[in-house]
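Here the structure comes first, spelled out in structure tokens, and everything after it is commentary.
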Amino acid sequence: MQTANDPKIIVALDFPSENPALELVDKLDPAKCRLKVGKELFTRSGPQFVEGLHGRGFDVFLDLKFHDIPNTTSAAVVAAADLGVWMVNVHASGGEKMMTACRERLEAFGADRPLLIAVTVLTSMTAEDLAGIGITDSPEAQVSRLATLTRNCGLDGVVCSAQEALKLKAEQGADFKLITPGIRPLTADKGDQQRIMTPSEALKAGSDYLVIGRPITRASDPLAALEAIHAEVMGL
């Protein structure tokens, strides 16, 4: 359930540089959303940009999808925790040793540690793409396999399609967090997203946090768009 202290909306800051991102951020309300910073924006603007978002009162999901040997990946996750982010992610395909090392090194942060989640199968990958890297199972079966591995390694959850949420919640349990992109209000354009759900549909299916980009970031009034979605999901 969305509460005042745990907003379910994560606004994706898919901007190429700091200035347009901050122009948008300054129109939003940290009581109603969190922010996602990805590879392009972080690579251009760095930790100082994330610190600036914290200074404006926002929680930050650092979406860098770390994937490397266990020592390197766990060190990167610790660096993210030192930065004070709310959530950070790794690729589940990095395997058990990598994910376990990340989780163990975050234990030193106690109650202040960020949520640690994993990416299973990239939403752009088809069965043909998986076959090209030697995986003959369907994308759905691979998502379930990697979600189970993620849970067994002690991570907090996975990024997944909202269409997968109901199945994964049943398989992995209520406490296993599901973070779902591709969320579109009924009034929004579908853009290049084909497998979408509305915010309320996604939460009812088992999503815990909703990653929403263009319906808010390209709205003529971003705060009004955010408040409309916030009102839709409040109490769900």
Side-chain angles (χ1 to χ4, degrees), residues 8 10 12 14 36-43 61-70 72-74 76-77 80 87-103 114-184 190-199 201-214:
K8 302 300 185 186
I10 303 173
D14 294 326
K36 182 177 82 69
V37 177
K39 287 186 173 71
E40 181 182 15
L41 187 54
F42 187 80
T43 301
F61 167 24
L62 191 61
D63 180 28
L64 299 185
K65 302 180 182 69
F66 296 126
H67 186 179
D68 210 310
I69 62 173
T72 299
T73 307
S74 61
V77 166
M87 183 158 67
V88 64
N89 59 4
V90 299
H91 269 285
S93 54
E96 179 178 352
K97 290 180 181 177
M98 187 198 82
M99 288 196 285
T100 300
C102 292
R103 188 258 300 163
L115 290 174
L116 177 61
I117 63 169
V119 176
T120 55
V121 178
L122 295 173
T123 55
S124 61
M125 295 192 77
T126 64
E128 183 179 9
D129 294 321
L130 290 179
I133 56 174
I135 298 170
T136 56
D137 286 328
S138 67
E140 292 77 15
Q142 182 69 357
V143 166
S144 289
R145 177 182 297 110
L146 290 177
T148 298
L149 179 64
T150 300
R151 183 199 62 199
N152 291 343
C153 290
L155 274 64
D156 297 294
V158 294
V159 180
C160 68
S161 162
Q163 279 76 15
E164 297 162 342
L166 188 63
K167 179 173 183 286
L168 288 178
K169 209 65 166 181
E171 291 176 349
Q172 309 301 336
D175 292 338
F176 192 71
K177 306 296 185 189
L178 302 180
I179 293 81
T180 55
I183 306 300
R184 292 285 188 278
K190 289 174 61 178
D192 57 3
Q193 296 276 355
Q194 298 303 312
R195 300 171 66 212
I196 62 172
M197 276 191 178
T198 67
E201 286 174 340
L203 288 178
K204 290 174 182 175
S207 299
D208 292 281
Y209 297 104
L210 313 174
V211 179
I212 303 175
R214 284 172 285 188

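Numbering starts at 1 and runs along the sequence shown. Note that the structure is predicted; figures quoted are calculated from it, not measured. Heavy-atom basis, side chains included; hydrogens, waters and symmetry copies ignored.
- Between the side chains of Ser161 and Glu164, no donor-acceptor pair is found at a separation under 3.5 Å.
- The backbone N or O of Val143 lies less than 3.5 Å from no partner atom in the side chain of Thr120, so there is not a single donor-acceptor pair.
- To the nearest 0.5 Å, atoms CD1 (Ile179) and CG (Asp63) are separated by 10.5 Å.
- Nearest heavy atoms, Gly157 versus Thr150: O-CG2, 3.6 Å.
- A distance of 10.0 Å separates NZ of Lys36 from CE of Met87, quoted to the nearest 0.5 Å.
- For the atom pair Ser93 OG and Met98 CE, the distance stands at 7.0 Å (nearest 0.5 Å).
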Checklist line | Worked verdict on Lys169 versus Asp208 for salt bridge (charged side-chain N to carboxylate O under 4.0 Å, His left out) | finding: CA-CA 10 Å; Lys169 209 65 166 181; Asp208 292 281; 2.5 Å; yes

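- Across all non-hydrogen atoms, the minimal contact from Cys153 to Arg103 is O-NE, 3.0 Å.
- Heavy-atom minimum distance, Ile183 versus Ala162: CD1-CB, 4.1 Å.
- Note that the CD atom of Gln163 and the OG atom of Ser207 stand 9.0 Å from one another [nearest 0.5 Å].
- In this structure the side chain of Met125 never reaches within 4.5 angstrom of the side chain of Pro139, judged on heavy atoms.
- Residues Leu149 and Ala92 approach most closely at CD2-O, 4.1 Å, considering heavy atoms.
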Next item on the list: Begin from the C-alpha positions of Leu203 and Leu210 and carry the test side chain to side chain contact (heavy atoms under 4.5 Å, CB included) through to its verdict.
Entry: CA-CA 8 Å; Leu203 288 178; Leu210 313 174; 4.0 Å; yes

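- Counting heavy atoms of neighbouring residues, nucleotides and ligands inside a 6.0 Å radius, atom CD of Glu96 does not exceed 12 of them.
- Rounding to the nearest 0.5 Å places CG of Leu122 at 9.5 Å from CG of Asp129.
- Side-chain atoms of Lys177 never come within 3.5 Å of backbone atoms of Leu116 as a donor-acceptor pair (strictly under, hydrogens ignored).
- A pairwise comparison of heavy atoms in His67 and Gly94 identifies NE2-CA, 3.5 Å as the closest pair.
- The shortest heavy-atom contact between Val88 and Ala80 is CG2-CB, 3.8 Å.
- Side-chain N or O atoms of Thr73 include one that pairs as donor or acceptor with a backbone N or O of Asp68 at under 3.5 Å.
- Note that CG of Asp14 and NZ of Lys39 are 12.0 Å apart. Values are rounded to the nearest 0.5 Å.
- With hydrogens and angles disregarded, a donor-acceptor distance shorter than 3.5 Å links the side chain of Asn89 to the backbone of Lys65.
- Residues Thr180 and Met197 form no side-chain contact, since every pair of their non-hydrogen atoms from C-beta on lies 4.5 Å or further apart.
- Side chains of Phe176 and Leu168 form no contact here, defined as non-hydrogen atoms less than 4.5 Å apart.
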